[in-house]
There are 2 protein chains.
Amino acid sequence: MSGPTVRDVAEVAQVSLATVDRVLNNRGGVSAKVVERVKAAVVQTGYVRNLAAANLSRRRIYRFCFVVPTGDTGFVALLHAALAQEQHRLREEQVVVQIVPTRPFDVEDQIAALRNLDCDAVAVMVSEAPEINEEIAALLAAGVRVVSLVADLPSSGRDAYVGPDNVMAGRTAAEFMGRFIKDTGNILMIAGSLAARDHSERLLGFQMVMQERYDGCTLLPAAQGADDAARVEQIVMDTARDRPIAGIYAIGAGNRGLVRAVGTLNPKPVTIVHELTQVSREALRTGTFDLVIDQDIRAGVIAAVGVMRDLTDSITPPADAGRIKLNIYSRENIQ
Amino acid sequence: MSGPTVRDVAEVAQVSLATVDRVLNNRGGVSAKVVERVKAAVVQTGYVRNLAAANLSRRRIYRFCFVVPTGDTGFVALLHAALAQEQHRLREEQVVVQIVPTRPFDVEDQIAALRNLDCDAVAVMVSEAPEINEEIAALLAAGVRVVSLVADLPSSGRDAYVGPDNVMAGRTAAEFMGRFIKDTGNILMIAGSLAARDHSERLLGFQMVMQERYDGCTLLPAAQGADDAARVEQIVMDTARDRPIAGIYAIGAGNRGLVRAVGTLNPKPVTIVHELTQVSREALRTGTFDLVIDQDIRAGVIAAVGVMRDLTDSITPPADAGRIKLNIYSRENIQ
DNA sequence: TTGTAGGCGTTATCAA
DNA sequence: TTGATAACGCCTACAA
């Protein structure tokens, strides 16, 4: 059950443990023919190194950072909660994580955060900008592994992306929007910022499906609410003054403002939002929101840590390791 | 940097390593005041156990079985896939699992399977019957921990239930059924067997919400398709001959037959089914099915293994450890 | 009820 | 170039 060990390799190769170790971790100082003998023995025995034992002996501790925006989005709160819930298990696995909050949409602040990092790997949820790419390149050059979280940064050279397929998220929102709306009508789409890749991808997916299959609906120009409750509320009220709204797709945060605004509208528009937070959960329960599309943040944290651990150990993470699922919540299946 | 260890705890508590270990893993055989002293020392030192070291040292291997029906439900295939995906992590945690397939709805076969078990704990997905209860009692008496999977067996004395809230599943199906149906109409509900607890609970939840909020719809008497494709197909065709069908809720399996039948109907009824399998995935993609309510089998496997491990170690599993989430899939978010 | 001693698989420090 | 040998942190017979 417990497979061949270095002892077995040593025995087959007729050398000592130390020599096997030297070859295995190519530290040099071993004659060519002995190297060959050891390598052959590894193949012959089918030896696979036991990472746990290696880390135990090496007293390795994984230091990971999460660079994520703060704000009233509730996202950081959920992230903190998820990390707290995983804290114990993470500690047991020798990983220490630190959250570095940044001001939302503030590139300067994000850069500052990335400069002050001291860790083996970092999961970043930051803007897509050339300066950020440079910063990430510097981190990579310094041997820090970088994972993009929730919003991908494909042009940054990051090691991996952990998050949902945001185009799919937008398409899913559209599918339910189209089916929930009985007739035709105006659809209001509110993003936080179209410069945020997750938001623009969701918007893209949403528009694609609405135009493709539910073209009885009229898509109003996409608004930007900066993930701010007051701004979001204002956008809804302003829009509703000019014309009836049949549906609202809130792509980013600021749902507290959305609840206030939707409460004043009659008839109530079909309202679809992202992230299952205190606010959206309650709004779902009372019928103010009709659907919540949630990326399971706990799963995201677990996936991110797993990927960072693999990367830190120079292991290629499984292809789908970073893909996290979208959960759909109606008033009947809130958890 | 490398944190406190058992030695530190032992020193502070003025006891030996073995005693600390006994307290840490509550194995008993330690006087109350020493227990207190050790616990205080743990708090004082901030000790966190090193899982890698623990697993390395522990030669214990957990042997678990899954007794589940085979058949055209695709469930066993999904279960196998889920286990395969978890294999690596499970092996690292010293657990070996074996799948024992049984013929669906065949109580004799289920009993035979339960008799031939050799393991520390078993997760069973079997019928609710007195003979089964006896068999489970025998297992429990023999020291094998028993967990009911997907369908609960409350009267069997099983140690725990791992599965979804099936009433909630039915309620969720009704919520989407009500919203997807534009007007009013006849709703056909097809269970596998009303003697199966998961099926009857789903039906109950579905009926509750339909009557409560979508009473424009007419619920036809619930049919039983024995999870058999041909039977299910026949039921749909027979029903459609007499009256138009606006919606179909398929509570159990046999979705292959449902696909065939629905394909012949015009207009196509809103069709909501359970379990994301090859068949339902494809039907979702082509528009034959409108919604799939899926119990995440991978999550179920992980939860079941966790609960079985706790039970085997005589630890009371956390209250919500067995509750698994319901995922909702439309054509746009199939994974 | 408590303690001692040895081992899990790998790494690292000495000598030889 | 090589090889003993002692950690790493925890678990567990076996004693006492």
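Lettering follows sequence order; numbering is per chain, from 1.
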Can you check side-chain contact (heavy atoms from CB on, under 4.5 Å) on A:V12 and A:D8, steps first, answer last?
CA-CA 6 Å; A:V12 169; A:D8 300 311; 5.6 Å; no
B:Y161 to B:V150 - nearest heavy-atom pair and separation
OH-O, 2.8 Å
Are any non-hydrogen side-chain atoms of B:V124 and B:L153 less than 4.5 angstrom apart?
yes
Would you list the protein and nucleotides 3-6 of chain C atom pairs, both N or O, that sit under 3.5 Å from each other?
residue: C:dG3; atom: OP2; partner: B:S16; partner atom: N; Å: 2.9
residue: C:dG3; atom: OP2; partner: B:S16; partner atom: OG; Å: 3.1
residue: C:dG3; atom: OP2; partner: B:T19; partner atom: OG1; Å: 2.9
residue: C:dG3; atom: N7; partner: B:R22; partner atom: NH2; Å: 2.6
residue: C:dG3; atom: O6; partner: B:R22; partner atom: NH1; Å: 3.4

Start and end of chain B contact along DNA chain D [non-hydrogen atoms, under 4.0 Å]:
D:dG9 to D:dT12
Please tabulate, for side-chain N and O atoms in residues 23-31 of chain B, each donor-acceptor pair with protein atoms closer than 3.5 Å (sequence neighbours left out).
residue: B:N25; atom: ND2; partner: B:D21; partner atom: O; Å: 3.1
residue: B:N25; atom: ND2; partner: B:D21; partner atom: OD1; Å: 2.9
residue: B:R27; atom: NE; partner: B:D21; partner atom: OD2; Å: 3.1
residue: B:R27; atom: NH2; partner: B:D21; partner atom: OD1; Å: 3.3
residue: B:R27; atom: NH2; partner: B:D21; partner atom: OD2; Å: 2.7

Are A:K325 and B:D296 close enough that some pair of their side-chain heavy atoms sits under 4.5 Å apart?
yes
I need the CG-C1' distance between A:N55 and C:dA12, as an integer number of Å.
15 Å
Name of the residue among A:N116, A:L117, A:L149 meeting side-chain contact (heavy atoms from CB on, under 4.5 Å) with A:V67:
A:L117
Can you name the salt bridge (charged side-chain N to carboxylate O under 4.0 Å, His left out) partners of B:E128, sequence neighbours left out?
B:R197
Does a donor on one side chain and an acceptor on the other come within less than 3.5 Å for A:T5 and A:N50?
no
All N/O donor-acceptor pairs, side-chain side in residues 36-46 of chain B, below 3.5 Å, sequence neighbours left out:
residue: B:R37; atom: NH1; partner: B:A13; partner atom: O; Å: 2.8
residue: B:T45; atom: OG1; partner: B:A41; partner atom: O; Å: 2.7
residue: B:T45; atom: OG1; partner: B:V42; partner atom: O; Å: 3.2
residue: B:T45; atom: OG1; partner: B:Y47; partner atom: N; Å: 3.4

N/O donor-acceptor pairs under 3.5 Å from side chains in residues 139-147 of chain B, not counting sequence neighbours:
residue: B:R145; atom: NE; partner: B:D159; partner atom: OD2; Å: 3.4
residue: B:R145; atom: NH1; partner: B:L311; partner atom: O; Å: 3.2
residue: B:R145; atom: NH2; partner: B:D159; partner atom: OD1; Å: 3.1

Identify, residue by residue, the members of residues 23-30 of chain A with a heavy atom below 4.0 Å from DNA chain D, and return them in order of residue number, or none.
A:G29, A:V30
Set of residues satisfying side chain to side chain donor-acceptor pair (under 3.5 Å) with respect to A:R59, sequence neighbours excluded:
none
Within residues 31-47 of chain B, find the residues that approach DNA chain C with a heavy atom at under 4.0 Å, and present them sorted by residue number.
B:S31, B:V34
Just by distance, do the side chain of A:D109 and the backbone of A:P101 share a donor-acceptor pair under 3.5 Å?
no
When all nucleic acid strands are considered with a 4.0 Å heavy-atom cut-off, which category describes B:D21: base, sugar-phosphate, or nothing?
base
End-to-end axis angle, where each axis spans five pairs of the helix from C:dT1-D:dA16 to C:dA16-D:dT1, to 10°
40°
Sequence neighbours excluded and cut-off under 3.5 Å, please list the side-chain donor-acceptor pairs for residues 316-324 of chain B, or say none.
none

Name all residues meeting the side chain to side chain donor-acceptor pair (under 3.5 Å) criterion together with B:S127; count only those two or more places apart in sequence or in a different chain, and write none if there are none.
B:Q110
Heavy atoms only: give me the nearest A:Y62-A:D313 pair and the separation to one decimal.
OH-OD2, 2.8 Å
